[in-house]
Each structure stands twice: as structure tokens, then as C-alpha cells.
2 protein chains.
Amino acid sequence: MTRWSIGDLAKASGLTVRTLYHYDEIGLVSASERTASGHRRYTPDDVRRLYQVRSLRQLGLSLEEVRSALSRSDSLRPIFEAQLAALTTQVQQVDALRSRIASLLDGHTTESLLSTLEMMSVYESYFTADQLNDLRSRAASMGPEAVEALKASWLELVKEIRQHMADGTPPTDPRVVELSRQWDELGAKFTGGDPGIQAAAQRSWNENKPAISSQIGWPADDGLVDYIGQARAAR
Amino acid sequence: MTRWSIGDLAKASGLTVRTLYHYDEIGLVSASERTASGHRRYTPDDVRRLYQVRSLRQLGLSLEEVRSALSRSDSLRPIFEAQLAALTTQVQQVDALRSRIASLLDGHTTESLLSTLEMMSVYESYFTADQLNDLRSRAASMGPEAVEALKASWLELVKEIRQHMADGTPPTDPRVVELSRQWDELGAKFTGGDPGIQAAAQRSWNENKPAISSQIGWPADDGLVDYIGQARAAR
DNA sequence: CGTAGGACCTCCCGTCACGGGAGGTTCAAG
DNA sequence: CTTGAACCTCCCGTGACGGGAGGTCCTACG
């Protein structure tokens, strides 16, 4: 008839007393007995349940998921499969983000970091409302990690083109022309490859740049787009 | 003198009105002006700051990190480097967890899933307080992803040995003997390779199994450890 | 047998980045 | 002038606890 106090159980399980209180509060693992004065007495069954909970928590399940996993109405397998899928997605997303930051750090000067980010940010949301809706549904269908991959490629491109601008390479240089081609290709992926939309975006940019620049109060780009436009014309 | 209402800015930026309220509340992005009746008027500078915040948030920085990144006292580069390191760690950890669940799903029957987890969980917190401290500091020094990798290997081993038990393979079979060797090798990594600790753990298991089984109220193992012991004896 | 100090109890606020709603005021189009 | 959308502030909720206040209880020691 061994019973455990909450402190002893905490020590044995490696959890904190506060965590055991919490599990009790939400009814996940409670002490089946109390002393006359109200102290919790955990029975062997309680302890066993706690170990089950702990092992499932270590797999990254939420407390609610643990609860339903142990309710035995749902079996473990589909829950694990869902968790596997969720973790797989998470790994892809975080890794995409990671590589984007890595490519940001590798090659951009400290000063250009923020302005590059800013430009991407403005560029992303400067389309008209209709185009934005369109882009967002496309982004949703591509999945966030694909979007991240695109952004990473974009960063690389911006970096290289900026380098050429800084070096004074003329936009008619074959290398820059090639980069402008890649720029359009990437843009095509964002816009879905529809040349109509692409042209509309291009036109919209050209027509609205002054308006946007004055509206938002600072130059919407630093000549990058013009530079690319000149390279495009040289094709 | 363009000014933006909170709703228009929300639409333009793709954030929610509630989010803009929140940024105002914590003083991250506020409207520099108000109308006579108290409605927020965002100036071009406010808008620009919002775009900077948004772009930094997309890199996974917390609002506090964004704030300090924009305070310009700290430069962006070390913040990005820290974020890169954090994301790298996170990817490793989540991926290790992912592969553990994958190996759990691949080869364990639906029924044995929970009992396998339970056994690992009990086994893990089986040692004395001193040994536990020791194990935890070792786990800390190895890093969580290395611990996860060990657990994944352990799962594989348990799976294979269980298979042999189910097939009726005698423990003296060379294949089982080899698996028992791997078992000890893995155990050595957990215990730090110190044969004293290892022997103590082994002794502790043998001596305490009946006591613990009765204490916790269910058989602490299903013969797996005995089976491995017989294989070990056949070496 | 008394006491001291640890262990235990309940209640409550805080975390992080907002979501969502109540209840009231203001704006803009018809 | 009306009406409905937009805006305002205030507040509760999320998940999984951490940490503290203020009080009670247990137990080992003198």
C-alpha cells in the first residue's frame, strides 16, 4: 500500500511540484487519495499514469493530446502520425527560415541588412488589394516552406545585383542581364507565371512607384528595380 | 501629408487591427498623431517602422528582440547570429524528436506503443537521486539532440529484441548476443561509460525490480531485461 | 513534549503575441 | 439626417506552467 507524497513523486519523476499541481488542476493526473488534512497521496495507479503522461509529453504532444491519447477511445497510432506530420512540417519551415537568415548574414553588410529587409517587406505588400488576395492564396497553396525558399533565392539575387550596382557594372553587362532574367523567373513564381499578372505587376510598379514613394514617405527602392529594368531592356 | 487609419494600415500590411493595437500598447509601433476624437493617424515614419517590424518578425524574432534590433544601440548582425544559432538548435531538436516518433511508428504494434514508452520512462527515472543528478548533467552536456538520438537508437534495439523474443529466438543465438552487446554499448553512453555506475545500475535493477514492481503496481518490464541478461551470459 | 523549519495547501498574478467580445463613440456615404 | 462601418478602451482567454503570498501541517531534534 505504498503512497507517494507530491514532493517525493516530483523528485522521482524529475517534474516539479508545480507541474503536478497543474496536472491535478486540469484533471490529467490526480492523487486518488488525500490525508485527513488534505495532503495528496499518489497511488501506484496514479504514478503509472504520470509516467505515461511524461513519456507522451516527451514526444511533444500537448496535454490535451496526451489526455485523449490516454482516454483510449482514440488509439495512439493516428495521434503519433499526426504528430509526425506536424513535426515534419515544422522542421521544414524552421529550416527554411534558418537558411534565409544564413543567406542574409552571408554577404550583406551590416548597414544593408535592414534596408534589404525593408525593401522585401514593402515589395511584398505593395500590390493592389486584388493582387494581394491572389498572392496570399497562392502563398497558401505553395506552403510556407516553399515561400521561404523563394524568399531565400530572392535574397541571393538582391545581394548579387546590389554588388554589381556598387561595383559600377553597367546594367548591359551579360552577367547582370542574366541576373535580371533570374529576377523575372523568380517573379514569375511569385505571380504564378501568368504573364498577364506579371505585366500588370510590372506596370503597377512603374505607374505607382512615385505615388507609393510619396505616400509611404521614403523612396520605395534604391534604384535596384530601375537597374534591373535597364538590364531587361538589353536582352 | 498622408496619414493612415488603423484599418487601412492593417489592410495594406496584412496584419490585423488587433495586432496594431497590440504594437501600440507595448510601445513598439505607435501612431504619432491622433484626430481630435482620438482616432490613430499613422505617419509615413510610423508606417516605415511597421514594415521594419514586420520584416524582422518574419525572421522569427520576438517583439522584444525586434525592439532592441530597431533601437540601433545593438546592431542587427549579432541578433541575427543568435537567431540563426537558436533556429539551428531548434531544427536539430525537432528533427531528432521526429525521427524518434518515426522509428516508434515503424515496427511497433499499436498495443506495444504505450508499453514501450512506459518502460523507457520508468527505466529513465529508475536510478538513485545521485545517479539521476549525474545522468541529468551528462544529458545537459551532451545536448538534447544527442539524447534524442540515443533514445531513437534505443527504440530500434528494443524493437529488434522484442521481435526475437516474439519469434522464440533463443537468447544464446548469435544475433541476439550481438544485440545485447549493442544494448550494453548504448547503456555505456547513457551512464558515461563508467563501468562502476553501469554495474550499479545493473545491480540496482536486479535488486530492486521486485520491490519497484510492487511499489509502482505493475511489472516493470516484460522479460526484456532478463532475456538480454541471458544473451549477455552467452558471450 | 515543545518547537523549528521544511513540506504542503489554496489562491492569484505573470508569461507571449495576440484573438475576440462588450459597450460605447465617431466617421462617411447615401 | 440616418445608418452602418470603423474606431475607441477595457477586459478575459489561450498553454503549460513559474513564482510568490499567506496560511496549515508534518516530523525530527532537543
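Proteins get letters first, then strands, A, B, ... in listed order; numbering begins at 1 in each.
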What is the distance, to the nearest angstrom, from the [atom1] atom on [X] to the [atom2] atom on [N]?
{"X": "B:Leu15", "N": "C:dC18", "atom1": "CG", "atom2": "C1'", "answer": "11 Å"}
{"X": "A:Leu9", "N": "C:dC8", "atom1": "CG", "atom2": "P", "answer": "10 Å"}
{"X": "B:Leu63", "N": "C:dA17", "atom1": "CG", "atom2": "P", "answer": "4 Å"}
{"X": "B:Ile6", "N": "C:dC27", "atom1": "CD1", "atom2": "C1'", "answer": "15 Å"}
{"X": "A:His22", "N": "C:dC9", "atom1": "NE2", "atom2": "P", "answer": "16 Å"}
{"X": "B:Lys11", "N": "D:dA5", "atom1": "NZ", "atom2": "P", "answer": "12 Å"}
{"X": "B:Arg41", "N": "C:dT26", "atom1": "CZ", "atom2": "P", "answer": "14 Å"}

Tell me whether [X] contacts the main-chain N or O of [Y] through its side chain, where contact means a donor paired with an acceptor under 3.5 Å.
{"X": "B:Arg54", "Y": "B:Gln58", "value": "no"}
{"X": "B:Gln90", "Y": "B:Leu87", "value": "no"}
{"X": "A:Ser30", "Y": "A:Gly27", "value": "no"}
{"X": "B:Ser13", "Y": "B:Leu9", "value": "yes"}

Does a side-chain N or O from [X] land closer than 4.0 Å to OP1 or OP2 of [N], or not?
{"X": "A:Ser5", "N": "C:dA7", "result": "no"}
{"X": "A:Thr16", "N": "D:dC17", "result": "no"}
{"X": "A:Thr19", "N": "D:dG18", "result": "yes"}
{"X": "B:Arg67", "N": "C:dA17", "result": "no"}

Sequence neighbours left out, what passes salt bridge (Lys or Arg N to Asp or Glu O under 4.0 Å) with [X]? Give chain and number order.
{"X": "B:Arg41", "value": "none"}
{"X": "B:Arg67", "value": "B:Glu64"}
{"X": "B:Asp8", "value": "none"}

Exercise. At under 4.0 Å between heavy atoms, what does A:Arg57 touch on the DNA or RNA strands: base, sugar-phosphate, or nothing?
Worked result: sugar-phosphate
Exercise. Across the strands shown, which category fits A:Ile26 at heavy-atom distances under 4.0 angstrom: base, sugar-phosphate, nothing?
Worked result: nothing
Exercise. Does a donor on one side chain sit under 3.5 Å from an acceptor on the other, for B:Ser68 and B:Ser71?
Worked result: no
Seminar exercise, completed: If each end axis of the helix from C:dC1-D:dG30 to C:dG30-D:dC1 is fitted on five C1' pair positions, the angle between them, to 10 degrees, is 20°
For this session: Could you run through nucleotides 21-27 of chain D and give me one letter per nucleotide, 5' to 3': B if any protein heavy atom sits under 4.0 Å from the base, S if only the sugar-phosphate is that close, - if neither?
Result: ----SS-
Exercise. Heavy-atom distance under 4.5 Å between the side chains of A:Asp24 and A:Val29, does that happen here?
Worked result: no
For this session: Taking the side chain as every heavy atom from C-beta outward, state whether A:Val94 and B:Val94 have any pair of such atoms under 4.5 Å apart.
Result: no
Can you pull every protein N or O that's under 3.5 Å from an N or O on nucleotides 9-11 of chain D?
unit_1: D:dT9; atom_1: OP1; unit_2: B:Arg34; atom_2: NH1; d: 3.2
unit_1: D:dT9; atom_1: OP2; unit_2: B:Arg40; atom_2: NH1; d: 3.1
unit_1: D:dT9; atom_1: OP2; unit_2: B:Arg40; atom_2: NH2; d: 2.9

For this session: Could you grab the distance from atom CG of A:Leu97 to atom CG of B:Leu84, nearest 0.5 Å is fine?
Result: 9.5 Å
Problem set entry | Where A:Ala31 and A:Arg40 come nearest, the two heavy atoms and their spacing | CB-CB, 3.6 Å
